[in-house]
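Report on the structure given below.
These numbers come from the heavy atoms of this one structure, side chains and all, not from hydrogens, waters or symmetry mates. Chain identifiers are assigned alphabetically (A, B, ...) following the order of the sequence lines, protein sequences preceding nucleic acid strands; residue numbering begins at 1 within each chain.
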Number of protein chains: 2
Amino acid sequence: MTAKQFTSVWTREPRQGKTQGLTRDQIVRAALEILDAEGLDALSMRKLGAKLGAGATSLYWHVANKEELLELAFDEIWGEMSIPDPGSAGWRDTGWAFAHGMRKVILRHPWVAGLIGRMPAIGPNSLRAAELLRKGLHQAGFRGLEEDYAGAAITAFVFGSVIPEVAWFSAAAEKEYDAESMREIIRTAAADYPELVARAEEYTARDPAAVREMNFAFGLACVLDGLERRLVT
Amino acid sequence: MTAKQFTSVWTREPRQGKTQGLTRDQIVRAALEILDAEGLDALSMRKLGAKLGAGATSLYWHVANKEELLELAFDEIWGEMSIPDPGSAGWRDTGWAFAHGMRKVILRHPWVAGLIGRMPAIGPNSLRAAELLRKGLHQAGFRGLEEDYAGAAITAFVFGSVIPEVAWFSAAAEKEYDAESMREIIRTAAADYPELVARAEEYTARDPAAVREMNFAFGLACVLDGLERRLVT
DNA sequence: ACCTGAACACCGTTCAAGT
DNA sequence: ACCTGAACACCGTTCAAGT
């Protein structure tokens, strides 16, 4: 009945590595290498330990568990996002750059897609980004809860766009599916809905990267238009 | 080098259960019970087998692997979505109802959040829903690729909103974290960003379910406004 | 302070064997 | 046609023991 205490990597001091042995940074860097090269499912404590020339269980000295290690890795990559200071650019440009920046980071590190929403984004890099977005929206004129809502709308759209995007291309890539056989499956599965099939055919006939870009730009423009309208009235 | 053939549960006939033994339906229903009661991570082939009074490995006669079993379960729940026929309602109402319907389904079955984007949504229920959305947007006036983009914008927003929503409350619920200790962590982690902390305080001070509802409604209205504007001009 | 190895309690899946 | 059990190759994590 008594509620458990919530704890977090971000409010606990890392154990201090004087000079010897492993450091938390080293571990996170090695984890990122595995994640980038082989994906989320490929990261195991044993494999990570081996890569560092240590036993798997040694890692537990530096990190409470795998979940917290992933929190550290998750935050790390948001450091790559370059966001224009909302002071100089207009809020709409800031939102645009923010959304595209997030998307690029996720496409560069597809494994994050599997972590989004699973962990609190309260690491330093996540917070830095959140603060810049908040500042931009505040300058735009949003106040109080609407400041949150507006920011949530943008990030929700980005996450919801990019998660399936990543899943499709990384599944297709790592399993090397034949594109034509995928189309064939869709044709027969959706045989009852000819218009849906027609849409899928046109969609897949073009350069996939370009279509996805346009898809993203279209939706983002909708969200930003909606926000703008909420400011005017 | 030769690309692998893509296969799918949806285009393969289920092995026919004459009268005896397990059926695929039975397995999927039992899986859904475990998923609803205990969540995605709690579903294992062994546990599912035991629930059905069978060996874990018996399941592999009816289902190729766990992934395909999850595809079946994933599609099943979209059957609960009731969508107004776009013929009678206006497209904006259809979009609104569609988005809220999706959200409700996900909140009722939080485990789906972990599957979104991970599998092709080409089961019968998913397709039925997709077709209704497509029809609504077509009637609204969208044509060609914009029909896809408009639909993708709506679903992206819904998924991106609901995934973190589900993650937070289900993590908080199942681990029974003390709400005050979570606020405390945020306060110290975000100590450098007083405005961000202030936002979080206001956000968490209110009835969480109501705030999330408003958050969702706000963002959805933005997306729909944006779509509307793209129709007019 | 840091690391190790053995051990525990799990996984998904394959496959020869049974009925 | 359907199910079983043993087995394989893994997991994350704990903990007493080492240095």
Side-chain angles (χ1 to χ4, degrees), chain A residues 4 7 9 12-31 34-35 38-74 111 114-115 118-119 171 174-175, chain B residues 4 7 9 12-31 34-35 38-74 111 114-115 118-119 171 174-175:
Chain A
K4 254 174 271 171
T7 64
V9 229
R12 206 183 314 117
E13 280 301 306
R15 294 178 126 145
Q16 33 214 10
K18 301 278 180 195
T19 42
Q20 57 165 317
L22 292 172
T23 64
R24 195 191 246 186
D25 263 39
Q26 215 178 123
I27 293 171
V28 173
R29 267 202 311 276
I34 294 177
L35 290 166
E38 306 179 59
L40 189 57
D41 292 339
L43 180 69
S44 77
M45 298 303 266
R46 286 169 220 262
K47 192 188 279 186
L48 180 56
K51 190 186 175 88
L52 290 161
T57 56
S58 311
L59 305 172
Y60 287 85
W61 176 262
H62 299 92
V63 135
N65 48 43
K66 193 184 181 183
E67 185 74 8
E68 290 204 352
L69 173 60
L70 289 173
E71 281 184 62
L72 293 167
F74 179 83
W111 51 271
L115 297 178
R118 240 178 60 181
M119 44 200 27
E174 87 192 25
K175 301 191 183 162
Chain B
K4 253 173 273 174
T7 64
V9 230
R12 205 183 312 120
E13 281 301 305
R15 296 181 125 143
Q16 32 213 12
K18 301 278 179 197
T19 41
Q20 58 165 316
L22 292 172
T23 65
R24 196 190 244 187
D25 264 38
Q26 214 178 122
I27 293 171
V28 174
R29 267 202 311 276
I34 294 177
L35 290 166
E38 306 178 58
L40 188 57
D41 292 340
L43 181 71
S44 78
M45 299 304 266
R46 286 169 219 261
K47 191 187 282 185
L48 180 57
K51 189 186 177 87
L52 290 161
T57 57
S58 311
L59 305 172
Y60 287 86
W61 176 262
H62 299 93
V63 134
N65 49 42
K66 191 182 179 184
E67 186 75 8
E68 290 202 353
L69 173 60
L70 288 174
E71 281 184 61
L72 292 167
F74 180 83
W111 50 271
L115 296 178
R118 239 178 61 180
M119 42 198 32
E174 87 192 24
K175 301 190 184 162

Which atom pair, heavy atoms only, marks the closest approach of [X] to [Y]?
X	Y	result
A:L22	A:A54	CD1-CB, 4.1 Å
B:R12	B:T7	NH2-OG1, 3.8 Å
B:A30	B:L52	CB-CD2, 3.8 Å
A:A73	A:L35	CB-CD1, 4.0 Å
B:L70	B:L115	CD1-CD2, 4.1 Å
B:N65	B:E68	OD1-N, 3.0 Å

Separation of atom [atom1] in [X] from atom [atom2] in [N], rounded to whole Å:
X	N	atom1	atom2	result
B:L52	D:dT4	CG	C1'	15 Å
A:Y60	D:dA17	OH	C1'	19 Å
A:L43	D:dG12	CG	P	7 Å
A:N65	D:dT13	CG	P	5 Å
A:L48	D:dT13	CG	P	12 Å
A:R46	C:dC8	CZ	C1'	11 Å
A:L40	D:dG12	CG	P	11 Å
B:R24	D:dA1	CZ	C1'	16 Å

Heavy atoms under 4.0 Å, any strand shown: does [X] hit a base, just sugar-phosphate, or nothing?
X	answer
A:L59	nothing
A:A54	sugar-phosphate
A:L69	nothing

| query | If you write DNA chain D from 5' to 3' in dot-bracket form, with Watson-Crick or G-U pairs under 3.5 Å, [ ] for crossing pairs and | for pairs with another strand, what do you get? | reply | ||.|||||...|||||.||
Any side-chain N or O of [X] under 4.0 Å from OP1/OP2 of [N]?
X	N	value
B:H62	D:dC3	yes
A:S44	D:dC11	yes
B:W61	D:dC3	no
A:S58	C:dT4	yes

| note | Taking D:dG5, D:dG12, D:dT14 as options, the one with an atom nearest any side-chain atom of A:T57 is D:dT14
| said: Determine whether a donor-acceptor pair (N or O, by modelled atom type, separation under 3.5 Å) exists between the side chain of B:K47 and the backbone of B:A42. | reply: yes
| message | For A:A64 and A:K47, find the nucleotide of DNA chain D closest to each by heavy atoms; which residue's nucleotide sits nearer the 5' end? | response | A:K47
| C:dC10 to D:dA9 separation - P atoms, rounded to the nearest Å | 22 Å
